[in-house]
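A quick write-up on the structure given underneath.
Everything numeric in this text was worked out from a predicted model, so none of it was measured.
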Amino acid sequence: MAYELYYWHGIQGRGEFVRLALEEAGADYIDITRQSGRGRRGTGAMFEIMESQSEAYIPFAPPFLKDGDLIIPHVANILFYLGPKLGLAPEDEGLRHVVNGLQLTVTDFVAEVHDTHHPIDTSLYYEDQKPEAKARSAAFIRERIPKFLSYFERVLRQNPKGSGHMVGDTLTYVDLSLFQVIEGLTYAFPKAMASRKADYPGLLALHDAVAKRPNIARYLASPRRLAFNEEGIFRHYPELDSAG
């Protein structure tokens with residue numbers, strides 16, 4: 001039975017971290033709101049689950065994954081569930097929790113990325129909070145990008161199995177997620193990222209290695225890979241970008 005992924009139609013967003021794992025593994029999955037001809041009907045199916053008055057263990061928000069009757073919400077939780085099934089998690093149980101901890105840190109980072117363009121209220125448009133977004137983005141570029149990426153760079157460098165992967169000596173889902181983080185930051189803050197390339201050689205090498213993996217390369221070249229846009233988490237507003 002195919003996995004069912006539920007996420008907003010038309011954006012990469014948080015759902016992309018799950019898609020990358022499914023695509024790398026060649027898993028059979030249905031991106032419910034993106035099925036040909038479904039569009040809004042697929043989004044309706046997503047809301048039917050979230051707003052159900054009878055479904056047990058309903059998710060708060062997308063993305064969530066259905067595996068048969070089981071509903072798994074939240075990116076890090078979904079990947080913790082899928083990792084062993086897809087061959088994208090260490091065999092050692094302890095190291096699986098290490099990978100999960102790194103993924104949770106990615107989750108924290110992604111939340112801060114979102115808040116650069118919505119620093120006051122998620123229900124307001126970006127245009128309603130431009131001055132605050134500019135101040136928040138300046139602090140994010142100056143302080144938060146280096147804090148998070150330096151941490152991930154250090155974890156990669158200090159991996160006892162070598163710096164080819166974040167944990168162990170084989171690909172895990174957190175490697176895929178950090179590829180997406182670098183992709184997204186480069187789209188949203190090209191000046192900031194260009195000025196700091198020399199600071200994160202390991203992460204950039206990991207990004208390039210992931211991009212060359214056969215299944216990922218095919219996915220990135222396919223229409224299944226949505227383009228970044230100003231409806232998602234990683235948004236490019238030139239006025240928010242600087243070399244830091």
Can you find a heavy atom in the side chain of [X] that is under 4.5 Å from one in the side chain of [Y]?
X: V181; Y: F152; answer: no
X: F148; Y: L185; answer: no
X: T186; Y: H207; answer: no
X: V18; Y: Y29; answer: no
X: K191; Y: I141; answer: no
X: R19; Y: Y219; answer: yes
X: D121; Y: E132; answer: no
X: I72; Y: L82; answer: no

Under the 3.5 angstrom rule, does the side chain of [X] hit a backbone N or O of [Y] as a donor-acceptor pair?
X: E153; Y: L203; result: yes
X: E55; Y: Q53; result: no
X: H9; Y: I32; result: no
X: T105; Y: G101; result: yes
X: S137; Y: K134; result: no
X: D115; Y: R136; result: no
X: T107; Y: Q103; result: yes
X: D31; Y: R34; result: no

Reported [atom1]-to-[atom2] distance for the pair [X] and [Y], which is rounded to 0.5 angstrom:
X: I182; Y: Y200; atom1: CD1; atom2: OH; result: 8.5 Å
X: Q180; Y: L176; atom1: CD; atom2: CG; result: 10.0 Å
X: T116; Y: I233; atom1: OG1; atom2: CD1; result: 10.5 Å
X: Y126; Y: E230; atom1: OH; atom2: CD; result: 10.0 Å
X: M193; Y: D241; atom1: CE; atom2: CG; result: 10.5 Å
X: Y6; Y: T43; atom1: OH; atom2: OG1; result: 11.5 Å

Verify same cluster id: [X], [Y] (apolar side-chain graph, 4.5 Å):
X: V167; Y: L86; value: yes
X: L226; Y: V210; value: no
X: L104; Y: L102; value: no
X: F140; Y: Y151; value: yes
X: I49; Y: V75; value: no

Minimum heavy-atom distance between [X] and [Y], given as atom pair plus value:
X: L79; Y: F17; value: CD2-O, 3.9 Å
X: I58; Y: S52; value: CD1-O, 4.0 Å
X: P90; Y: T172; value: CD-CG2, 4.0 Å
X: R96; Y: F80; value: O-CE1, 3.7 Å
X: R144; Y: F109; value: O-CE1, 4.2 Å
X: A188; Y: R235; value: CB-O, 3.3 Å

| field | Any side-chain donor near an acceptor of the partner, Y7 and E16, under 3.5 Å | value | no
| query | Yes or no on side-chain contact (heavy atoms from CB on, under 4.5 Å) for H74 and F60, after CA distance, side-chain angles and deciding distance? | reply | CA-CA 9 Å; H74 234 291; F60 178 72; over 6 Å; no
| request: Might you work through the side-chain contact (heavy atoms from CB on, under 4.5 Å) test for Y173 and L20, ending with a clear yes or no? | output: CA-CA 8 Å; Y173 59 79; L20 285 167; over 6 Å; no
Tell me, yes or no, whether the heavy-atom count around [X] atom [atom1], taken from other residues, nucleotides or ligands under 6.0 Å, exceeds 12.
X: E93; atom1: CD; answer: no
X: E127; atom1: CD; answer: yes
X: H118; atom1: NE2; answer: yes

| Are the aromatic rings of Y187 and F234 close, with centres under 6.0 Å apart? | no
| Does E183 pair with R225 as a salt bridge, N-O distance under 4.0 Å? | yes
| What do the steps show when you test L206 against M166 for side-chain contact (heavy atoms from CB on, under 4.5 Å), and what is the final call? | CA-CA 9 Å; L206 176 63; M166 292 297 292; 4.1 Å; yes
| message | side-chain contact (heavy atoms from CB on, under 4.5 Å) for L149 and D199? Distances and angles first, verdict last. | response | CA-CA 9 Å; L149 292 191; D199 297 335; over 6 Å; no
